[in-house]
Amino acid sequence: MKRMTTFFFLFILLAIIVAGCSSKLDNQSWKLDKKHNPLPDFVLNSSEKVQETYIMASTYPDVVAQVPCYCGCVADGHKSNLDCFVKSVGEDNAVQQWDSHGIS
């Protein structure tokens with residue numbers, strides 16, 4: 001009986017871990033908010049993952065702005081990872097210009 005209880009406990013623990021590790025981001029369909037300028041051709045002609053990354057950068061600019069950039073684009077005036085995707089923003093954080101640096 002003790003062995004069965006241990007097995008049941010481990011099964012429940014494993015189920016909780018697996019449920020916690022699943023990501024809703026994998027199933028989310030990323031759509032660009034209409035307040036932003038449309039994605040330019042250099043983004044639209046790239047992979048779906050790159051397009052999703054640009055949309056995520058515009059959706060969560062505060063989060064992406066906290067990520068430092070390690071690719072050496074500081075010489076181009078970039079202060080954070082957000083600058084690799086967004087060149088300029090207007091009111092309500094609406095993207096006015098996109099940066100092509102996030103493609104490479």
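Along the sequence shown, the residues carry numbers beginning at 1. Note that the structure is predicted; figures quoted are calculated from it, not measured.
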Minimum heavy-atom distance L39-L44, with the two atoms named: O-CD1, 3.4 Å
Contact summary for S80 and A65, nearest pair of heavy atoms: CB-O, 3.0 Å
Pair listing, salt bridge (Lys or Arg N to Asp or Glu O under 4.0 Å) test, anchored in residues 92-104, at least two apart: K35-D92
Results of side-chain contact (heavy atoms from CB on, under 4.5 Å) for Q96 - residues two or more places apart only: N37, S88
Single-linkage hydrophobic cluster, 4.5 Å side-chain cutoff, V67 and Y60 together: no
Any donor-acceptor N/O pair, Q51 side chain to S46 backbone, under 3.5 Å: yes
Shortest non-hydrogen contact from S58 toward L32: OG-CD1, 3.5 Å
Flag side-chain contact, heavy atom, 4.5 Å: H78 against C84: yes
Any residue meeting ring pair (Phe, Tyr, Trp, His ring centres under 6.0 Å) with Y54, in chain and number order, not counting sequence neighbours: F85, W98
Contacts of T59 that satisfy side-chain contact (heavy atoms from CB on, under 4.5 Å) - sequence neighbours left out: W30, I55
For A57 against L82, the heavy-atom pair lying closest together: O-CD1, 3.7 Å
Backbone of A94 reached by a side-chain donor or acceptor of H36 within 3.5 Å: no
Main-chain N/O of F42 paired with N45 side-chain donor or acceptor, under 3.5 Å: no
Closest heavy-atom pair and its distance - N93, P61: ND2-CG, 4.1 Å
